[in-house]
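Just so it is clear, the structure is predicted and the values come from calculations on it, not from any experiment.
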Amino acid sequence: MAKKQNDIKVVEEYLELLNTEVSLRFGDPTSKDTIRHLIEKGIIAPKILRNYMIIYDFDCMLRFNEGNRTHTFMDLSIKYDISERQAQSVVYKERRKQQITENITY
């Protein structure tokens with residue numbers, strides 16, 4: 001039976017490979033080194049990192065804007081040079097992808 005693409009065993013195998021690659025390249029790598037390696041290898045697309053940062057900034061800015069979502073989406077659109085609708089789509093549609101159950105099958 002073929003392994004599922006998000007099977008925990010595949011993830012664990014990859015983590016071992018990644019550890020070896022990053023250690024050979026950087027010696028004693030930091031998390032920044034690991035992320036840079038993943039981006040340069042094409043494993044993480046810069047757009048995915050941007051979406052992560054939009055969601056992170058949304059949560060921070062929402063507190064600063066006292067819960068006003070309209071102002072928060074306006075601020076995000078200015079910071080990331082995207083439309084307010086794009087910011088909303090990222091926050092509402094991409095957030096679920098950050099849940100473990102969406103990414104790994106145990």
Visitor: With the side chain counted from C-beta on, respond yes when K47 and R50 share a heavy-atom pair under 4.5 Å apart, and no when they do not.
Guide: yes

Visitor: Tell me every residue that passes side-chain contact (heavy atoms from CB on, under 4.5 Å) with N19, counting only those two or more places apart in sequence or in another chain.
Guide: S23

Visitor: Just wondering, more than 12 heavy atoms not from F64 lying within 6.0 Å of its CZ?
Guide: no

Visitor: Walk me through it: do K93 and N51 pass the test side-chain contact (heavy atoms from CB on, under 4.5 Å)?
Guide: CA-CA 10 Å; K93 292 180 181 177; N51 290 349; over 6 Å; no

Visitor: Apply side-chain contact (heavy atoms from CB on, under 4.5 Å) to residues L38 and L18 and explain how you reach the verdict.
Guide: CA-CA 9 Å; L38 292 171; L18 177 63; 3.6 Å; yes

Visitor: In Å and rounded to the nearest 0.5 Å, what is the NE2 to CZ distance from H37 to R25?
Guide: 6.5 Å

Visitor: Give, for atom CD of E13 and atom CD1 of I8, the distance between the pair rounded to the nearest 0.5 Å.
Guide: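 Here the rounded value is 11.0 Å.
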
Visitor: Counting only heavy atoms from other residues, nucleotides and ligands, does the tally under 6.0 Å from CZ of R36 exceed 12?
Guide: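 No, the 6.0 Å shell around CZ holds no more than 12 heavy atoms from other groups.
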
Visitor: Mind checking what makes side chain to side chain donor-acceptor pair (under 3.5 Å) contact with E66, not counting sequence neighbours?
Guide: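 None.
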
Visitor: Do V11 and I44 share a hydrophobic cluster (ILVMFWY, side-chain heavy atoms under 4.5 Å, transitive)?
Guide: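 No: no chain of side-chain contacts under 4.5 Å links V11 to I44.
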
Visitor: Report whether L17 and I43 are members of the same hydrophobic cluster (ILVMFWY, side-chain heavy atoms less than 4.5 Å apart, transitive linking).
Guide: yes

Visitor: Pair H71, M74 - check side-chain contact (heavy atoms from CB on, under 4.5 Å), show working.
Guide: CA-CA 5 Å; H71 292 153; M74 287 171 53; 4.2 Å; yes

Visitor: With a cutoff of under 4.5 Å between side-chain heavy atoms, which Ile, Leu, Val, Met, Phe, Trp and Tyr residues group with Y52?
Guide: M53, I54, I55, Y56, F58, M61, L62, F73, L76, Y80, I82, V90, V91, Y92

